[in-house]
Amino acid sequence: MTDSSVPSIVRRRRKLPQIKKLAMLSALRSQMWVMSRTSPDKAAARLADLFTTPPRPSVRHWERHAMTQARYTRRRFGALGFLSVYRWVPERNGPHPKVLLMHGFGGRVSQLSGLAEPLVAAGYEVVGFDAPGHGQSPKRNAALPDFVDALEMFATHEGPLDTVVGHSMGGAAMATALRRGMAAKRAVLIAPPAYPGTYLAQAGRMLGATEKVSGRAQAQIEAQYGRAFDEFRTPLNASVLDQDALILHDREDQQVPLAEGNQVAKAWEGAQFEITEGLGHTRILQAPSTVAMVQKFLMEAT
């Protein structure tokens with residue numbers, strides 16, 4: 001989901017030469033292979049730590065430009081600490097329907113900021129925050145339960161939300177929060193993953209961990225948060241939701257397969273499912289076609 005966990009481990013330092021990245025991965029694989037067979041509990045702890053440590057990739061120029069239009073504040077989110085909050089507000093006074101933006105693992109609000117200007121022009125107030133360990137928000141480790149907790153706290157503070165927009169793991173968090181009672185009239189999920197356990201297992205395989213070690217890593221994460229991975233099965237959560245929904249997914253997404261978005265769309269009764277071409281996992285966020293589909297979805301629902 002980086003968004004997808006393992007690839008993020010290698011992509012943390014994008015500016016390193018490719019050969020150095022490969023050397024780092026090779027060394028990590030060797031370490032994990034040995035630990036998995038000599039000290040599986042330590043290997044599981046290492047894998048769990050890597051899986052819940054988001055990368056902080058550099059911000060791109062177009063993101064910086066879009067974010068200059070946002071109002072920035074820092075707000076305390078209970079035990080999660082202070083998070084960075086961004087808000088785009090129409091110039092005209094009066095109440096405005098709110099759209100909440102939620103990025104994915106290893107992402108940041110600025111990746112979805114291309115939606116802000118057109119939605120503000122249409123009369124919406126757009127809000128979002130950098131999750132713990134992401135963007136400008138502090139904290140080292142973060143996982144899906146942190147996203148859900150932050151969403152629920154933010155939604156409670158902000159009052160009624162018209163629409164929630166979530167990318168990748170942010171979409172999975174949105175579906176979980178909606179199933180748990182977060183109020184919103186409609187939802188847009190972009191490249192939503194179906195189940196976090198799939199990505200932890202993928203991380204383990206890529207790093208040379210045994211299946212036993214990956215299983216122990218999952219158990220450690222579940223114990224740490226007091227919540228089972230099964231709580232975050234996006235199709236299962238979607239199956240009990242009645243909000244109007246738009247699911248967007250690119251056919252060439254190499255991080256979250258198109259089949260997973262299809263599963264979510266089929267489970268969510270009445271959801272629209274739109275497939276894009278050639279945009280991958282992150283370019284889909286800034287594509288004019290994506291903005292147009294989200295605008296159309298919101299306009300048709302009013």
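When reading the values below, keep in mind they use all heavy atoms of this one structure, side chains included, and skip hydrogens, waters and symmetry mates.
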For residues Phe129 and His103, establish whether the separation of their ring centroids is below 6.0 Å.
no
I'd like to check the side-chain hydrogen bond (donor to acceptor under 3.5 Å, both in side chains) partners of Arg46; sequence neighbours left out, ordered by chain and number.
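Partners of Arg46 by the side-chain hydrogen bond (donor to acceptor under 3.5 Å, both in side chains) criterion come out as none, since no residue qualifies.
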Pairing residues for Gln286 by the side-chain hydrogen bond (donor to acceptor under 3.5 Å, both in side chains) criterion, not counting sequence neighbours:
Trp62
What are the two closest heavy atoms between [X] and [Y], and how far apart are they?
X      : Y      : result
Gly128 : Val109 : C-CG2, 3.7 Å
Val256 : Ala191 : CG1-O, 3.9 Å
Met299 : Ala122 : CE-CB, 4.0 Å

Connected-component partners of Val89 among ILVMFWY, side-chain separation under 4.5 Å:
none
Quick one, Trp88 and Arg71 - any side-chain contact, counting heavy atoms below 4.5 Å?
no
Side chain to side chain contact (heavy atoms under 4.5 Å, CB included) filter on Lys266, not counting sequence neighbours, yields Asn262
Would you please name every residue forming a side chain to side chain contact (heavy atoms under 4.5 Å, CB included) with Ala201, sequence neighbours left out?
Arg205
For the pair [X] and [Y], find out whether any cationic side-chain nitrogen is under 4.0 Å from an anionic carboxylate oxygen.
X      : Y      : result
Lys212 : Asp41  : no
Glu158 : Arg75  : yes
Arg186 : Asp162 : yes

Take Tyr72 and Ser84, measure what side chain to side chain donor-acceptor pair (under 3.5 Å) needs, and give me the verdict at the end.
CA-CA 7 Å; Tyr72 172 79; Ser84 296; 3.0 Å; yes
Determine, step by step, whether Arg283 and Glu252 satisfy the salt bridge (Lys or Arg N to Asp or Glu O under 4.0 Å) criterion, reporting the C-alpha distance in whole Å, the side-chain angles of both residues, the deciding distance to 0.1 Å, and the verdict.
CA-CA 11 Å; Arg283 292 195 308 278; Glu252 298 176 20; 5.5 Å; no
Distance to the ring centre below 6.0 angstrom and angle to the axis at most 45 degrees; does that hold for Arg37 and Trp33?
yes
Could you go step by step and tell me if Thr276 and His249 meet the side chain to side chain donor-acceptor pair (under 3.5 Å) rule?
CA-CA 6 Å; Thr276 60; His249 214 123; over 6 Å; no
Steps toward side chain to side chain donor-acceptor pair (under 3.5 Å) verdict (Gln220, Gln224)
CA-CA 6 Å; Gln220 288 181 15; Gln224 177 184 349; over 6 Å; no
Has the side chain of His157 got a donor or acceptor atom that lies under 3.5 Å from a matching backbone atom of Ala155?
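Between the backbone of Ala155 and the side chain of His157 there is no qualifying donor-acceptor contact (under 3.5 Å).
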Taken in chain and number order and not counting sequence neighbours, the residues that satisfy salt bridge (Lys or Arg N to Asp or Glu O under 4.0 Å) with Glu125 are Arg87
